[in-house]
A.B. asks: 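Questions regarding the structure given below will be posed in turn.
Numbers here are sequence positions counted from 1. In this text the structure is predicted, and so the values were computed from the model without any measurement. The analysis underlying the following values was restricted to heavy atoms, covering all of them including side chains, and did not include hydrogens, waters or symmetry mates.
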Amino acid sequence: YHLQHQVCISYVTTKGITCSSFFSYRIFESWLKAVESLIYHCHSLKELYTLTRHIQYDLDYFPYLVEISDAIAQALENRTCQLKLTAQKAA
């Protein structure tokens, strides 16, 4: 079953004992893809900076795999560059 940021997998052993394991959503590729989608759907630097603050809070207070946090950081950097370039062309 789903909790706010976790998936709980429960099973019953052959002896009838219930066992549970919790997995953070943050370890799944689908979580990374969802965050990347939010990043790339920002249409302005202001919108991206607001999202960045929320993402940074999450990165600071919850455990992420290094590969996932690095991919999020790269997506933020790429989108920032894209939006800055767009703003420069419009000016």
Side-chain angles (χ1 to χ4, degrees):
Y1 57 91
H2 293 92
L3 303 174
Q4 184 175 3
H5 295 290
Q6 295 179 328
V7 175
C8 178
I9 301 171
S10 297
Y11 55 93
V12 179
T13 67
T14 55
K15 295 181 181 180
I17 299 171
T18 301
C19 299
S20 298
S21 294
F22 294 93
F23 299 93
S24 169
Y25 286 177
R26 294 169 181 88
I27 67 169
F28 298 119
E29 187 175 347
S30 58
W31 181 268
L32 172 59
K33 297 300 178 198
V35 173
E36 287 175 332
S37 178
L38 287 172
I39 291 167
Y40 286 108
H41 281 91
C42 287
H43 299 294
S44 69
L45 285 169
K46 182 178 179 181
E47 186 180 355
L48 182 62
Y49 291 151
T50 299
L51 179 60
T52 299
R53 284 196 318 271
H54 293 292
I55 290 171
Q56 191 58 55
Y57 173 88
D58 207 60
L59 290 169
D60 289 344
Y61 290 99
F62 299 100
Y64 275 81
L65 297 173
V66 172
E67 298 83 4
I68 291 179
S69 61
D70 287 351
I72 291 170
Q74 186 64 51
L76 287 167
E77 185 177 332
N78 291 345
R79 189 63 180 151
T80 299
C81 291
Q82 290 170 349
L83 290 172
K84 283 182 178 180
L85 184 59
T86 301
Q88 287 174 351
K89 288 181 181 179

A.B. asks: Let me check something: any side-chain donor-acceptor pairs from residues 47-55 under 3.5 Å, sequence neighbours excluded? List them with distances.
C.D. replies:
unit_1	atom_1	unit_2	atom_2	d
Glu47	OE1	His43	N	2.9
Thr50	OG1	Lys46	O	3.1
Thr52	OG1	Leu48	O	2.7

A.B. asks: Listed by chain and number, what are the side chain to side chain contact (heavy atoms under 4.5 Å, CB included) partners of Asn78, not counting sequence neighbours?
C.D. replies: Tyr40, Gln74
A.B. asks: Not counting sequence neighbours, which residues clear salt bridge (Lys or Arg N to Asp or Glu O under 4.0 Å) with Glu29? List them please.
C.D. replies: Lys33
A.B. asks: According to side chain to side chain contact (heavy atoms under 4.5 Å, CB included), who are the partners of Tyr57, at least two apart in sequence or on a separate chain?
C.D. replies: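 Per chain and number, Tyr57 pairs via side chain to side chain contact (heavy atoms under 4.5 Å, CB included) with Tyr61, Phe62.
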A.B. asks: Going by atom type alone, with no hydrogens or angles, which donor-acceptor pairs under 3.5 Å involve a side-chain atom of residues 80-91 and a protein atom two or more places apart or on another chain?
C.D. replies:
unit_1	atom_1	unit_2	atom_2	d
Thr80	OG1	Leu76	O	2.7
Gln82	OE1	Arg79	NH1	2.9
Thr86	OG1	Gln82	O	2.9

A.B. asks: What's the separation between atom CG in Leu65 and atom CH2 in Trp31, rounded to the nearest 0.5 Å?
C.D. replies: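 It comes to 13.0 Å.
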A.B. asks: Can you name the residues that form a side-chain hydrogen bond (donor to acceptor under 3.5 Å, both in side chains) with Thr18, not counting sequence neighbours?
C.D. replies: none
